[in-house]
Amino acid sequence: PVFSGGVLHGSSPRLLQKLVPILKQYRVQMVLNGDDHSLQVLEQDGITYIVSGGGSWLHEHNAILQTKFGAMQNGFTLHRLNNTHMVVDVINASGAILYTRAIPK
């Protein structure tokens, strides 16, 4: 992941150095990835980073400066689009919505 509080992988210095400038240049608003086995929503410089890795064995994570939400639970993210924004729901394996974030267009 670009940003992650996961203790197994965590944030990637190489992606921070190489990918983030491209994301900013092209005004990317959201990056979706897994790899760290937890559910996380992070934000830096107007870009929302979603770690949706709660579908397998869980790994611990710590809150980092960019963390808006984090849970060491099995689950997934649901993404809904309309004309003005995207809504991301972080949902646990029981179906409970743990966190919601709206990302404007």
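Linking Ile, Leu, Val, Met, Phe, Trp and Tyr residues whenever their side-chain heavy atoms come within less than 4.5 Å leaves L78 and V51 in two separate clusters.
Panel note: side chain Q40, backbone T67; no donor-acceptor pair is recorded below 3.5 Å. Using a distance-only test at 3.5 Å, with no hydrogens or angles considered, a donor-acceptor pair links the side chain of S11 to the main chain of S4.
Between H61 and S38, the shortest heavy-atom distance links the atoms ND1-CB, 3.8 Å.
The side chain to side chain donor-acceptor pair (under 3.5 Å) search around E43 returns none, not counting sequence neighbours. For T84, the side chain to side chain donor-acceptor pair (under 3.5 Å) partners at least two apart in sequence or on another chain are N82. When the salt bridge (Lys or Arg N to Asp or Glu O under 4.0 Å) test is applied to K24, the partners found at least two apart in sequence or on another chain are D45. Residues forming a side chain to side chain contact (heavy atoms under 4.5 Å, CB included) with Q44 (at least two apart in sequence, or on another chain): F3, Y49, Q66. Looking at residues two or more places apart in sequence or on another chain, you find no salt bridge (Lys or Arg N to Asp or Glu O under 4.0 Å) involving R27. The side chain to side chain contact (heavy atoms under 4.5 Å, CB included) test applied to L19 returns V2, L15, L23, not counting sequence neighbours. For D89, the side chain to side chain donor-acceptor pair (under 3.5 Å) test picks out R80, T100, with sequence neighbours left out. In this structure, the side chain to side chain donor-acceptor pair (under 3.5 Å) partners of Q73, at least two apart in sequence or on a different chain, are N92. Checked against side chain to side chain contact (heavy atoms under 4.5 Å, CB included), N83 has no partners two or more places apart in sequence or in another chain.
Residue Y99 shares its hydrophobic cluster (ILVMFWY side chains chained together at separations under 4.5 Å) with M30, L32, L39, V41, I50, F69, L81, M86, V88, V90, L98, I103.
Note: L65 CG to L42 CG = 10.0 Å, rounded to the nearest 0.5 Å.
Pairs engaging residues 92-105 under the salt bridge (charged side-chain N to carboxylate O under 4.0 Å, His left out) rule: none recorded [sequence neighbours left out].
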